[in-house]
Every structure is written in C-alpha cells, then in structure tokens.
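Written out below as structure tokens is the structure these notes cover.
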There are 2 protein chains.
Amino acid sequence: MKGRLKMNESFLSIAQEKQDRIRNEAMFEFGENGYEKASTNQIVKRAGIGKGMLFHYFNSKYDLYVYLIDFALKKIQDDYLNFSRTEPDFIERLKVFASDKWRFMQRHPELATFISSVFVNDSDIIPSDYQKQIKLLINQRMESLFAEIDLSLFREDIDINHALKLVHWTFDGYQADVIKRLKGKSMVHESWETYWEEFDHYLITLKTVFYKEDAQ
Amino acid sequence: MKGRLKMNESFLSIAQEKQDRIRNEAMFEFGENGYEKASTNQIVKRAGIGKGMLFHYFNSKYDLYVYLIDFALKKIQDDYLNFSRTEPDFIERLKVFASDKWRFMQRHPELATFISSVFVNDSDIIPSDYQKQIKLLINQRMESLFAEIDLSLFREDIDINHALKLVHWTFDGYQADVIKRLKGKSMVHESWETYWEEFDHYLITLKTVFYKEDAQ
DNA sequence: AATTCAATCGACCAGGGTGGTCTACGCATG
DNA sequence: CATGCGTAGACCACCCTGGTCGATTGAATT
C-alpha cells in the first residue's frame with residue numbers, strides 16, 4: 001500500500017520530544033500555508049533546529065510532506081477513528097461523533113489543521129495512494145455514522161432519509177457556528193465545554209420535533 | 001464616513017470594460033491569496049495591462065486594496081442588500097435569503113470571494129471605518145432575517161428561539177454541504193438550480209416537524 | 001592521547017518573486 | 001514637426017526560496 005518512505009532512519013533515533021516538535025511545527029506550517037507556500041526556513045526556525053538537519057532527515061521538502069501525511073493518517077486512524085460507536089439513537093450518536101471530533105481537535109490541532117489542508121487544498125499533488133486512503137477514511141466514518149441506527153425513534157409521517165439528513169445538517173451548521181464564534185479566541189477546552197452544554201438543550205427540542213412523542 | 005480615496009481620477013475615465021476587468025482580476029487575486037500574498041504582477045498579467053498603469057491609477061498596492069473594499073461594499077449594498085424581504089414564514093424567508101445569496105455569488109463571484117477574504121483573513125489590516133461598515137452590514141442582514149416573522153406558525157410545545165436557531169443551522173449546514181459538493185466543478189447556474197429543487201422537498205419535512213399541524 | 005565519526009549548525013548559493021520606478025515608444029493633436 | 005498623454009515592460013534593490021556544504025562539536029574507540 002505505501003511505497004517505502006524516503007526518510008533517513010536516524011530521524012527515528014533522536015529524542016521523542018524533538019521528533020514531535022519537528023513534526024508538529026512542520027504540520028502547522030504546511031497546514032496554515034499549503035504545500036507550495038509553506039517555508040522550510042520557517043519550519044526549522046519554529047522547531048529550533050538547523051536547516052541542515054531537516055534536509056539530513058528528509059531529502060526534500062516534498063519527501064517531508066509525504067512523510068507527514070503518512071504519519072498523520074496512521075495517528076488519526078489510531079487515536080481517532082478506531083472506536084466503534086454503538087449508540088442507536090441517531091441524535092445521540094451525532095453528539096458522540098461531534099464530541100470525539102472536538103476532543104481530537106483539541107488534543108491534536110496540528111493533525112487536524114494539517115490533514116484538512118492536505119485534503120482541501122493540495123489533494124492533487126500527493127501520491128494517489130494517500131488520496132485514496134483519505135477518501136476511504138472519510139467514507140468509513142460516514143458509514144459508521146449511519147450504521148445500526150434505531151429508525152423506529154423517528155416519527156412516521158416524514159421521510160426517514162430526509163429526517164436523517166436534516167438533523168445531520170443541523171449539527172454541521174451548529175458546529176460551523178461554534179467555530180465562527182471561536183475564531184480568534186484560542187480553542188481552549190473550557191470554551192467548547194460551554195458551547196457543548198448549551199447545545200444539549202437544543203437537542204431536546206430536536207428530539208421533540210423529529211422523534212415520536214413516546215420516544216422521549 | 002470614508003476618507004478620500006487616493007486614486008488617480010484618470011482611472012474612472014478609461015473604458016468601463018477595462019475598469020471592470022482590472023477591478024475583477026484584482027479582487028480575484030486578493031480574494032484567493034489574501035492581501036500579503038496577492039501579487040501585483042499577477043494582477044497586471046491577469047488584467048492584461050502594463051505594470052506602470054496599475055501604479056499610475058493607484059499609488060500603491062494598499063491604496064488599490066482600500067479602493068476595492070470601498071467599491072465592493074457599495075456594490076454589495078446596491079445589488080444585494082437593498083431589498084426588504086417581507087415573507088413572514090421563517091422557513092420561506094430563509095429560502096429567499098439563501099436564493100438571493102446564491103444568485104449574487106453567481107453573478108459576482110469576484111465580490112463574494114473578495115469581501116469574504118477581507119473579512120475572514122485580513123480584517124485587521126484594513127481602515128477601521130471599513131471594519132465597522134462590514135460588521136454593520138452583517139448585523140443588518142441578520143436582523144432583517146428575523147424581523148417580522150410570524151411566530152404563530154411554530155408548534156407551541158417547543159422553545160421558539162430554539163426552533164429559529166435550529167432551522168437556521170439546518171439551512172447553513174445544507175448550504176455548506178452544497179458548497180462542498182460543488183468544489184472543483186464550476187458553480188454554474190444549472191448546478192445550483194438542481195440542488196435548489198432537491199432542497200425544496202426537504203423544506204416540506206422541515207415544516208412538518210417545526211410547524212403546527214394546521215399550518216401546512 | 002589520538003583518532004574516528006556521526007550529529008549539528010548556519011553561512012551560502014543561484015534562482016525567482018516582490019512592490020515600485022522610469023524610460024521609451026506610439027499616437028493623436030496642435 | 002513638436003508636444004504631450006497613455007501605455008508597456010525592462011529594471012531596481014530587496015527579500016525569500018529549497019537545498020548544499022564546510023566547519024565545529026563532542027562522545028566513543030583505540
């Protein structure tokens with residue numbers, strides 16, 4: 001699946017903390033500016049290493065980029081997607097999914113920024129293997145969102161597929177709104193918790209309108 | 001309200017078509033790259049004029065930027081916001097608003113791209129007058145969205161404010177979804193019309209769940 | 001103590017892009 | 001023929017780019 005990564009193995013034998021620092025700062029730099037406009041000079045400055053080292057570990061800017069994609073995808077798979085969620089109540093499932101996503105974005109902002117930038121802005125310059133892999137992850141997540149939902153909770157006078165999509169859009173719209181309100185402020189844990197509790201009240205209303213009366 | 005724009009008046013006496021071409025290409029360049037990374041060389045190349053002319057009309061990159069903001073805001077005010085919408089049915093009102101927005105984005109993609117980039121990425125480097133003006137426009141539009149809505153259409157066992165926000169988020173989520181699906185493809189009229197009709201069906205469901213039974 | 005060797009840094013390179021200037025050309029009018 | 005205006009793009013000094021390479025360090029080995 002993956003062609004051998006052109007990385008100098010000595011990179012893996014340096015202190016973990018240093019590896020992390022280099023990877024994180026590189027991912028931030030790429031994530032914020034896209035591949036072309038990201039600067040290797042900025043990366044070494046941010047990571048506090050000499051320029052020689054970066055090109056000693058990774059032969060070129062592009063090799064570094066590909067290594068980071070590989071690393072990020074593995075990490076996302078392990079830390080974020082490898083749970084199976086079984087909550088049958090669709091609205092509750094969406095809540096769990098959103099919660100997982102936010103927790104991950106807080107814990108690993110560099111991964112979130114990086115991989116989304118790769119997919120949105122630069123997906124055409126990366127090896128096709130990784131293109132496929134990213135699309136696969138997205139599809140898997142989408143499927144697991146709708147798998148084994150208890151559809152009997154929904155009221156029967158509406159099209160179930162409409163209901164699922166409408167509720168899904170509502171969640172997405174709410175989250176986009178939170179992001180807009182959070183812009184500028186740092187995404188601290190506290191902030192999100194606040195919005196979280198706020199939205200809980202809305203979920204009750206959402207259930208009231210989309211679910212059967214006795215499903216409360 | 002606006003300090004005198006530092007523009008050479010000869011710009012206004014050249015052919016309208018040429019003015020439009022220069023403004024449009026400049027707005028696209030700024031909109032796509034942000035102020036700093038936008039290139040005056042690119043602008044003159046795209047507009048098909050010599051570099052001398054650009055700096056003859058506008059003394060500096062920044063003066064050009066400010067002129068474009070002023071121009072864009074006036075145009076948006078005239079072509080987009082100067083309607084008063086009176087539809088009392090909230091869901092229908094949202095539909096009208098969304099339709100207006102899309103029509104505008106199709107007709108003037110350069111304005112949409114430009115002004116959103118100014119507000120989202122560069123609002124801190126523009127004269128504070130324009131900062132305020134943009135915020136004012138957004139607030140006015142937001143207010144007119146909620147003004148004189150017939151709240152009696154909504155069912156009475158839910159919090160009206162919750163309902164308004166939930167429906168609003170649903171619309172925003174849907175539109176974000178359409179944008180995602182449209183990425184890459186050109187935003188041709190046809191595409192939008194298709195999605196538009198599709199969403200009409202969803203609106204019926206939305207009314208069924210949020211409105212009183214007899215309000216159909 | 002001498003030698004080896006890998007890790008590390010940052011000065012340096014050629015190339016290209018930056019915002020902005022200025023000269024020179026073409027063309028209409030006097 | 002002369003003047004002057006609109007125009008183009010060569011040119012400027014500067015800065016940043018991805019990438020190289022010689023110099024310095026310091027620990028390990030002999």
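Per chain, numbering begins at 1; letters A, B, ... match sequence-line order. Note that the structure is a prediction, hence the values are computed from the model and not measured. Because only heavy atoms are used, hydrogens play no part in the values below, and waters and symmetry mates are left out as well, while side chains stay in.
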Quiz prompt | B:K37 atom NZ, neighbour heavy-atom count above 12 within 6.0 Å | solution = yes

Quiz item: If you look at every strand shown and take non-hydrogen atoms under 4.0 Å, does A:Y57 touch a base, only sugar-phosphate, or nothing?
Solution: sugar-phosphate

Self-check item: From CA spacing to verdict: side-chain contact (heavy atoms from CB on, under 4.5 Å), B:F90, B:F210
Solution: CA-CA 11 Å; B:F90 184 61; B:F210 279 102; over 6 Å; no

Quiz item: Does B:E148 CD have over 12 foreign heavy atoms under 6.0 Å away?
Solution: no

Exercise. Using the six-membered ring of A:Y35, assess whether NZ or CZ of A:K61 lies under 6.0 Å from its centre and within 45 degrees of the ring axis.
Key: yes

Quiz prompt | Inter-axis angle, terminal five-pair segments of the helix from C:dA1-D:dT30 to C:dG30-D:dC1 [nearest 10°] | solution = 20°

Quiz item: Any side-chain donor-acceptor pair under 3.5 Å between A:W169 and B:Q175?
Solution: no

Practice problem: Take the protein atom CD of B:E9 and the nucleotide atom P of D:dC5, then report the distance between them rounded to whole Å. | Solution: 16 Å

List, with names and distances, any nitrogen or oxygen atoms from the protein found under 3.5 Å away from nitrogen or oxygen atoms belonging to nucleotides 15-22 of chain D.
from	atom 1	to	atom 2	distance (Å)
D:dT17	OP1	A:S39	OG	2.8
D:dT17	OP2	A:N41	ND2	2.9
D:dG18	OP1	A:A38	O	2.9
D:dG18	OP1	A:K61	NZ	2.7
D:dG18	OP2	A:T40	N	2.9
D:dG18	OP2	A:T40	OG1	2.7
D:dG18	N7	A:K51	NZ	3.0
D:dG19	OP2	A:K61	N	2.7
D:dG19	N7	A:K51	NZ	2.8
D:dG19	O6	A:K51	NZ	2.6

Practice problem: Ignoring hydrogens and angles, tell me if any N or O in the side chain of B:N33 forms a donor-acceptor pair with the backbone of B:E29 under 3.5 Å. | Solution: yes

Quiz item: More than 12 foreign heavy atoms under 6.0 Å from NZ of B:K135: is that the case here?
Solution: no

Quiz item: Roughly how many Å is it from CD in A:Q19 to C1' in C:dT8, rounded to a whole number?
Solution: 16 Å

Self-check item: B:L12 CG to D:dG6 C1', straight-line distance once rounded to whole Å
Solution: 16 Å

Quiz item: Have B:E9 and B:Y57 got a donor and an acceptor in their side chains that come within less than 3.5 Å?
Solution: no

Self-check item: Nearest-Å distance for atom pair CG/P, residues B:L54 and C:dC22
Solution: 17 Å

Quiz item: Between A:R103 and A:Y80, is any side-chain donor less than 3.5 angstrom from a side-chain acceptor?
Solution: no

Quiz prompt | DNA chain D-proximal residues of residues 43-50 of chain B, any heavy atom under 4.0 Å | solution = B:I49, B:G50

Practice problem: Step through the shown structure and confirm whether more than 12 heavy atoms of other residues, nucleotides or ligands are within 6.0 Å of CZ on B:R107. | Solution: no

Quiz item: Can B:R181 and B:E198 be counted as an ion pair, charged N to O under 4.0 angstrom?
Solution: yes

